[in-house]
Number of protein chains: 2
Amino acid sequence: MQGTPQFSTRQRILGAAEALFAERGFAGASLRQVTAAANVNLAAVNYHFGSKDNLIEEVFRRRLDELSRKRLELLAKIDAAGGAHLEALLDAFITPALELSLDRRGGSVFMRVLARAFAEHNSHLRRFLSDNYGYVLKDFAAAFARLLPHLDREELYWRLDIAVGALTYAMADFGVIQRRTGQSEREHREQMTRHLIHFTAAGLRA
Amino acid sequence: MQGTPQFSTRQRILGAAEALFAERGFAGASLRQVTAAANVNLAAVNYHFGSKDNLIEEVFRRRLDELSRKRLELLAKIDAAGGAHLEALLDAFITPALELSLDRRGGSVFMRVLARAFAEHNSHLRRFLSDNYGYVLKDFAAAFARLLPHLDREELYWRLDIAVGALTYAMADFGVIQRRTGQSEREHREQMTRHLIHFTAAGLRA
DNA sequence: CCTGTTTTCAAACAATCGTTTGAAGTCTAG
DNA sequence: CTAGACTTCAAACGATTGTTTGAAAACAGG
């Protein structure tokens, strides 16, 4: 009987794992630290997820399923509206991630976990992400290609690669700019998003 | 007596640690893996470096001292030449990192280690890097400010933060674009650098 | 209330972690 | 050649790693 509603053991493990993976990395966060933070027995991880590797995958799945859905939903809306411009397309890609990073019921650190996945050159993890969520990037790439017909395929892919890097790095809050005192997290994030879209659109167009 | 010249125990440890930190992260690479790869006794790490944390710092110091020196040297040349333009400034920042990533006598994976340092939100490591090498970014920021007088301080810092993110991510080779078959590593890297400068310059200017 | 399933738990597993030890080996100056 | 400093080595330290176990607890439908 606590003030906060009681989440299931599964959910508590996922939340604690997400936070600790963001802070200390996948290898750096131990299952004992995770289960202690989740207020759950150590064996619960292997009972519910089978192994630490499976837990890691599940941390991604929990967020990326919805994130990908929202991104493609916004992309579809833009496509339906006919001629979109670059900023709207970038907005469709970024906004769902922004919402996630502002979600107080968890998820506020997930983008950092996602950025860690890029840093891990772990081929297994990369394949998992590519196999399950690569189609999102593919769909967006096609939309960008339609909007930037003057760029040949190779040129476009290079620019998108760089753009994804800038977005990933920024959304993970890896930069040196700190939130100003008196500024809310939301204001800070929204300001970052504005600059991010402006910067990236210029880079793609140039 | 081997074909390759004999490096000192210290150097071999640093090289092996760099490679393994790049591949598996600081927590993910154990000292036993490092010493085995370096063909060196386990105790040698603590003898020569005191601790794993000190070894990590030394891995950075070995490369960043020279990298920072070269960057500032190129920056000084540009300043001396009078009016520079954005692309030259970005080139001064990137080229030393590019050379490092092409150095076959080691260093080819260091940029990946550096990117990992950003992913680690470890405050100790961040302070170490900021205290010892932060002045390089400061000097470059001042040069960018002179070149982009229409941007106010806050706007400039946001753009530079995003630009550093794009550079870090790309130089660490975190992207999805693979080197084409038949293309040398040098050609691949130089092509990446060209796109990177073009993209970033546009983002800063816009 | 009882039976069978699902979940939690303390305890232990072998393996690996960073670090320390003291002796053996290598080197260099006198 | 020898004394002393520097470096390497195998072995062990206690602590921590992911995972497994079998029993206790909680829950379910009949």
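Labels below follow one simple rule: chain letters A, B, ... track the order of the sequence lines, proteins then strands, and each chain is numbered from 1. Keep in mind that the numbers below use all heavy atoms, side chains included, and drop hydrogens, waters and symmetry copies.
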Task: Rounded distance in Å - CD1 (B/Ile13) to P (D/dT7) - done: 12 Å

Open item on the list: Assuming nearest nucleotide by heavy-atom distance, tell me which of A/Tyr47 and A/Leu42 is located more 5' along DNA chain C.
Closed with: A/Tyr47

- [ ] Take the protein atom CD of A/Gln33 and the nucleotide atom C1' of D/dG18, then report the distance between them rounded to whole Å.
- [x] 13 Å

TODO: Could you work out which one of C/dT19, C/dT7, D/dT19 sits closest to the side chain of B/Ser51?
DONE: C/dT19

- [ ] Whole angstrom is fine here: how far is it from CG in A/Leu31 over to P in D/dT20?
- [x] 12 Å

Open item on the list: Between C1' on C/dT5 and NE2 on A/His48, what's the gap in Å once rounded to a whole number?
Closed with: 14 Å

Open item on the list: Quick test of your reading of the model: are B/Lys70 and B/Glu73 salt-bridged, counting only N-O distances below 4.0 Å?
Closed with: no

Open item on the list: Please determine whether a side-chain nitrogen or oxygen atom of A/Thr9 lies at a distance below 4.0 Å from atom OP1 or OP2 of C/dT8.
Closed with: yes

Open item on the list: Nearest whole Å is fine: how far is C/dT19 P from B/Arg32 CZ?
Closed with: 11 Å

Open item on the list: Rounding to an integer number of Å, can you tell me how far B/Arg10 CZ sits from D/dT8 C1'?
Closed with: 16 Å

Open item on the list: What is the distance, to the nearest angstrom, from the CG atom on B/Asn46 to the P atom on C/dT20?
Closed with: 6 Å

Task: A/Leu89: which of A/Ile197, A/Leu147, A/Leu74 passes side chain to side chain contact (heavy atoms under 4.5 Å, CB included) - done: A/Leu147

- [ ] Determine, for B/Glu23 against B/Arg116, whether the closest basic-nitrogen to carboxylate-oxygen distance falls under 4.0 angstrom.
- [x] no

Task: Position toward the 5' end of DNA chain D (nearest nucleotide), A/Gly28 or B/Ser8 - done: B/Ser8

Open item on the list: On DNA chain D, does the nearest nucleotide to B/Ala43 precede the nearest nucleotide to A/Ser30 from the 5' side, or the other way round? Give the residue.
Closed with: B/Ala43

- [ ] Rounded to the nearest angstrom, tell me the gap between atom CG in B/Asn41 and atom P in C/dA23.
- [x] 17 Å

TODO: Could you tell me if the ring centre of B/Tyr169 sits under 6.0 Å from that of A/Phe118?
DONE: yes

